[in-house]
Chemist: 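What follows is a structure written as structure tokens; I'll ask about it next.
On a predicted model such as this, the values are computed, not experimentally measured, just so you know.
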Amino acid sequence: MADFSKESCPSVKNILLLDSEGKRVAVKYFADDWTTNASKLAYEKSVFTKTLKTNARAEAEITLFDGYIVVYKFVHDLHFFITAGDDENELILASVLNGFSDSVGLLLRGDVEKRTALENLDLILLCIDEIIDGGIILETDANTIAGKVATNAVDGSVPFSEQTISQALATAREHLARSLLK
């Protein structure tokens, strides 16, 4: 049996979803390369500024930035970014990026814009959790990712104590709505 270590698996440093002004929509960091919130915001601003003049709409673009590989793509007014170490495989990272952007597109029913993304932030955060765990890439197929997220979001059979925060909030919102309608 082969001995696989965490270091031998492809991994990412962060996954960013920014709006057309470079402001956060949904971000998740998996590495300690940026220790403070200020350093994270500065990184997001600088990577956004560097890629702003490119035309990454049709397919993913790849750049080397501050010693990291950054793979990015723009869909309407949303900017998707994956950051990894400079020793990672760009094709795998592009696959992760496409899985992320395509699954968001499926979950938002093709209405990939900031307003809809913010209204469905719980789905996008679940999407990130299905794709990457602790920096390790779990899944890149958009249909599989969207299917798992949709199942988790709709499935009310999960005990309240085992629900994620977004699931618990959705359950609470549903119960409140039912109580107001009675």
Chemist: Any side-chain to backbone donor/acceptor pair from Asp19 onto Gly22? Under 3.5 Å, distance only.
Modeler: yes
Chemist: When rounded to the nearest 0.5 angstrom, what distance separates CG in Leu17 from CD1 in Ile128?
Modeler: 7.0 Å
Chemist: With no hydrogens and no angle check, do the side chains of Ser39 and Thr36 hold a donor and an acceptor under 3.5 Å apart?
Modeler: yes
Chemist: Examine distances only and state if a side-chain atom of Ser95 and a backbone atom of Leu91 form a donor-acceptor pair shorter than 3.5 Å.
Modeler: no
Chemist: Where is the tightest heavy-atom contact between Ala117 and Leu78, given as atom of each residue plus distance?
Modeler: CB-CD1, 3.9 Å
Chemist: So, does Asn89 use its side chain to make a donor-acceptor pair with the main chain of Ile92 at under 3.5 Å?
Modeler: yes
Chemist: Between CD of Glu88 and NZ of Lys13, what distance do you get to the nearest 0.5 Å?
Modeler: 8.0 Å
Chemist: More than 12 foreign heavy atoms under 6.0 Å from CG of Asp87: is that the case here?
Modeler: yes
Chemist: Can you label the angle between the Phe100 ring and the Phe80 ring as parallel, tilted or perpendicular, going by 30° and 60°?
Modeler: perpendicular
Chemist: Output the distance between atom CG (Leu108) and atom OG1 (Thr116), rounded to the nearest 0.5 Å.
Modeler: 6.0 Å
Chemist: State whether the side chain of Ser103 and the backbone N or O of Gly99 hold a donor-acceptor pair below 3.5 Å, judged by distance alone.
Modeler: yes
Chemist: Would you compute the distance between atom OG of Ser20 and atom CZ of Phe74 and round it to the nearest 0.5 angstrom?
Modeler: 10.5 Å
Chemist: Determine whether the side chains of Tyr72 and Thr54 contain a donor N or O and an acceptor N or O closer than 3.5 Å.
Modeler: yes
Chemist: What do the steps show when you test Lys28 against Asp129 for salt bridge (Lys or Arg N to Asp or Glu O under 4.0 Å), and what is the final call?
Modeler: CA-CA 9 Å; Lys28 193 153 189 184; Asp129 289 342; 2.7 Å; yes
Chemist: Could you tell me whether the side chain of Glu139 and the main chain of Asp141 form a donor-acceptor pair under 3.5 Å?
Modeler: yes
Chemist: Just checking, is any N or O donor in the side chain of Tyr43 or Asp33 under 3.5 Å from an acceptor N or O on the other one?
Modeler: no
Chemist: Do Tyr29 and Thr83 get their side chains close enough for a donor-acceptor pair, meaning under 3.5 Å?
Modeler: no
Chemist: Would Val71 and Leu18 show up in the same hydrophobic cluster when neighbours are defined by side-chain heavy atoms closer than 4.5 Å?
Modeler: no
Chemist: Do Cys127 and Val104 have side chains that approach each other closer than 4.5 Å (heavy atoms only, starting at C-beta)?
Modeler: yes
Chemist: Please round to the nearest 0.5 Å and tell me the distance separating atom CD1 of Ile131 and atom OG1 of Thr140.
Modeler: 9.0 Å
Chemist: Salt-bridge test for Lys40 and Glu44: reply yes if a basic N is under 4.0 Å from a carboxylate O, no otherwise.
Modeler: no
